[in-house]
Amino acid sequence: MKIKDAIEILRPVNCLMGSLTVIIGLLNTRTGILYDKLAINILLGVITYIFIAGSGMVINDIYDIEIDKINRPTRPIPRGSITLYQAKLLFIVYIVIGLIVSIVNSMIFFLGILNIVLAAFFGFIGWLYAKWGKRSGFLGNIIVSISFSIGLVYGAVLNSSIIPLYIYYFFLTSFFLLLSREVIKGCEDIEGDKLQGVKTLAIKLGVKKSKLLSMTFALLAILFFILTYFTPIINPLFFLISMIFGLIDVSYIILLMLKKEQVKTDFKRISLFLKIGAFLGLAAFLFASL
């Protein structure tokens with residue numbers, strides 16, 4: 001196993017993008033925090049997120065080895081660059097590093113155990129998703145949505161155990177929008193999921209009801225997105241300006257969902273715009289901290 005293989009299996013781009021949520025959580029709760037503490041929290045918080053998220057990527061590849069031999073033969077395990085034993089070892093090493101860094105962070109600034117509990121929970125749901133959640137359908141959708149959004153809360157906790165209301169709104173906006181996308185992806189991939197035995201909402205309830213649920217989740221995301229403006233965020237003007245773009249995107253998505261007859265390409269388009277909406281939301285949260 002080469003170092004580049006150990007890095008590749010982490011899916012570093014995904015981990016780095018996810019770690020942005022930690023930075024957003026930290027920057028939005030930086031009032032009264034010394035620059036040195038903020039800088040250290042950003043560094044250690046990002047490292048914690050990357051390694052724990054990376055451990056989830058590794059355990060996912062371990063459980064998906066047979067599927068990846070067919071669908072993703074160029075991944076490190078199926079192509080033989082990393083053995084199954086080495087992958088299991090990497091999973092342990094990565095999650096331990098993430099937890100140790102969170103403990104060190106807590107010890108430096110006397111944070112207590114809340115950040116450590118959150119880090120351990122993040123690692124646990126990564127394993128849960130790989131082992132059981134992915135094929136369970138809706139529970140897997142919930143886990144994915146939590147996994148990406150939890151960094152917002154984790155970052156805030158590093159600055160203070162008293163979490164502002166708007167951080168919860170950040171989390172709920174991200175969570176519901178990603179959940180909406182996960183449900184739509186189930187509609188898009190319904191044929192393949194049937195063959196693999198994945199119990200998505202689209203298979204259990206049908207595409208029509210699943211689309212309705214997805215729309216409900218998107219509307220809830222809009223609700224919490226708007227409510228954020230009425231909380232004491234650092235820069236309400238910048239947030240309002242950037243929020244408009246996110247609202248336009250999600251409103252367009254809802255209009256797409258209202259179409260009576262939809263095919264796979266329609267769901268693919270909705271999924272893409274939901275992804276864009278999630279990044280526009282993160283951008284708005286970032287601008288709120290400037």
Side-chain angles (χ1 to χ4, degrees), residues 11 13-21 24 53 56-57 60 122 125-126 128-130 133-153 169-193 196 198-226 228 242-243 245-259 262-286:
R11 290 183 171 89
V13 174
N14 290 4
C15 291
L16 284 169
M17 290 300 295
S19 69
L20 178 61
T21 59
I24 290 171
M57 303 295 183
N60 190 63
F122 184 24
I125 61 175
L128 184 66
Y129 176 76
K134 182 181 290 188
R135 294 187 181 277
S136 70
F138 188 54
L139 178 61
N141 299 156
I142 291 172
I143 292 172
V144 169
S145 304
I146 291 174
S147 294
F148 186 83
S149 308
I150 198 171
L152 295 163
V153 179
Y169 286 167
F170 286 179
F171 173 84
L172 290 169
T173 301
S174 174
F175 171 78
F176 280 118
L177 198 61
L178 290 170
L179 188 57
S180 175
R181 182 171 184 262
E182 288 298 309
V183 173
I184 282 295
K185 282 169 65 181
C187 297
E188 179 188 348
D189 301 332
I190 189 167
E191 297 303 326
D193 288 338
Q196 293 184 21
V198 181
K199 301 171 184 177
T200 61
L201 287 179
I203 292 171
K204 285 182 174 181
L205 304 178
V207 170
K208 188 175 180 180
K209 289 182 180 178
S210 296
K211 190 174 67 171
L212 184 61
L213 271 174
S214 178
M215 191 187 307
T216 302
F217 295 142
L219 287 169
L220 284 169
I222 288 176
L223 173 64
F224 288 111
F225 199 29
I226 293 172
T228 302
S242 52
M243 180 179 72
F245 294 98
L247 291 177
I248 291 171
D249 178 86
V250 180
S251 298
Y252 174 66
I253 290 164
I254 291 170
L255 288 175
L256 289 177
M257 289 182 182
L258 289 172
K259 276 181 61 178
Q262 289 171 324
V263 294
K264 185 172 182 176
T265 53
D266 293 316
F267 291 125
K268 191 171 184 178
R269 186 181 298 112
I270 292 169
S271 177
L272 173 63
F273 277 99
L274 281 166
K275 189 174 185 179
I276 292 170
F279 283 112
L280 287 173
L282 286 180
F285 298 155
L286 184 60

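Since the model is a prediction, treat every value here as computed from it, not as a measurement. Just so you know, residue 1 is the first one in the sequence shown, and it goes up from there.
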message: Ile254 vs Ile222, test: side-chain contact (heavy atoms from CB on, under 4.5 Å). Steps then yes/no.
response: CA-CA 11 Å; Ile254 291 170; Ile222 288 176; 3.8 Å; yes

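- Between Val207 and Phe267, the closest side-chain pair of non-hydrogen atoms falls below 4.5 Å.
- Separation of atoms CE (Met57) and CG (Asn14) is listed at 4.5 Å; rounding is to 0.5 Å.
- In this structure, the separation between CD1 on Ile150 and OG on Ser145 is 12.0 Å, given to the nearest 0.5 Å.
- Heavy-atom minimum distance, Arg181 versus Ser271: NE-O, 3.0 Å.
- Using a 4.5 Å cut-off on side-chain heavy atoms (C-beta onward), Glu188 and Ile270 make no contact.
- When side chains are defined from C-beta on, Leu282 does not count as touching Met17, because their heavy atoms never get closer than 4.5 Å.
- Here the shortest heavy-atom pairing between Thr21 and Phe148 reads CG2-O, 3.5 Å.
- Contact of the Ser149 side chain with the Leu178 side chain is registered, since non-hydrogen atoms from C-beta on lie closer than 4.5 Å.
- Residues that satisfy the side chain to side chain donor-acceptor pair (under 3.5 Å) test with Thr200, not counting sequence neighbours, are absent from this structure.
- Under the 3.5 Å distance criterion, the side-chain polar atoms of Ser214 are left unmatched by any main-chain donor or acceptor of Lys211.
- Counting only heavy atoms from C-beta outward, the side chains of Leu247 and Ile226 approach each other to under 4.5 Å.
- Side-chain atoms of Val250 and Phe225, non-hydrogen and from C-beta on, never get closer than 4.5 Å to each other.
- With sequence neighbours excluded, no residue satisfies side chain to side chain donor-acceptor pair (under 3.5 Å) with Asp249.
- Separating the CG atom in Leu172 from the CG atom in Leu179 is a distance of 11.5 Å, to the nearest 0.5 Å.
- Residues meeting the salt bridge (Lys or Arg N to Asp or Glu O under 4.0 Å) test with Lys259, sequence neighbours left out: Asp266.
- Closest non-hydrogen pair, Leu177 versus Ala278, comes out as CD2-N, 3.4 Å.
- Every residue two or more places apart in sequence or in another chain that forms a salt bridge (Lys or Arg N to Asp or Glu O under 4.0 Å) with Glu182 is listed here: Lys185.
- A distance of 11.0 Å separates CG in Asn141 from CD1 in Ile146, rounded to the nearest 0.5 Å.
- Across Phe245 and Leu280, no two heavy atoms sit closer than the pair O-CD1, 3.7 Å.
- None of Ile253, Ile184, Leu258 except one satisfies the side chain to side chain contact (heavy atoms under 4.5 Å, CB included) rule with Met215; the exception is Leu258.
- Distance check: Asp189 CG to Lys268 NZ gives 9.5 Å after rounding to the nearest 0.5 Å.
- Here the side chain of Ser147 pairs a donor or acceptor atom with the backbone of Ile143 at under 3.5 angstrom.
- Between Tyr252 and Phe273, the two ring planes are perpendicular [angle over 60°; tilted spans 30° to 60°].
- Listed by chain and number, the residues in a side-chain contact (heavy atoms from CB on, under 4.5 Å) with Lys209 are Leu205 (sequence neighbours excluded).
- Considering only residues two or more places apart in sequence or on other chains, Leu286 meets the side-chain contact (heavy atoms from CB on, under 4.5 Å) condition with Ile24, Leu27, Ser289.
- Using a 30° and 60° split on the angle between ring planes, Phe138 and Phe217 fall in the parallel class, below 30°.
- Interatomic distance, Leu139 CG to Leu128 CG, rounded to the nearest 0.5 Å: 6.0 Å.
- Between Val153 and Phe170 there is no side-chain heavy-atom pair separated by less than 4.5 Å.
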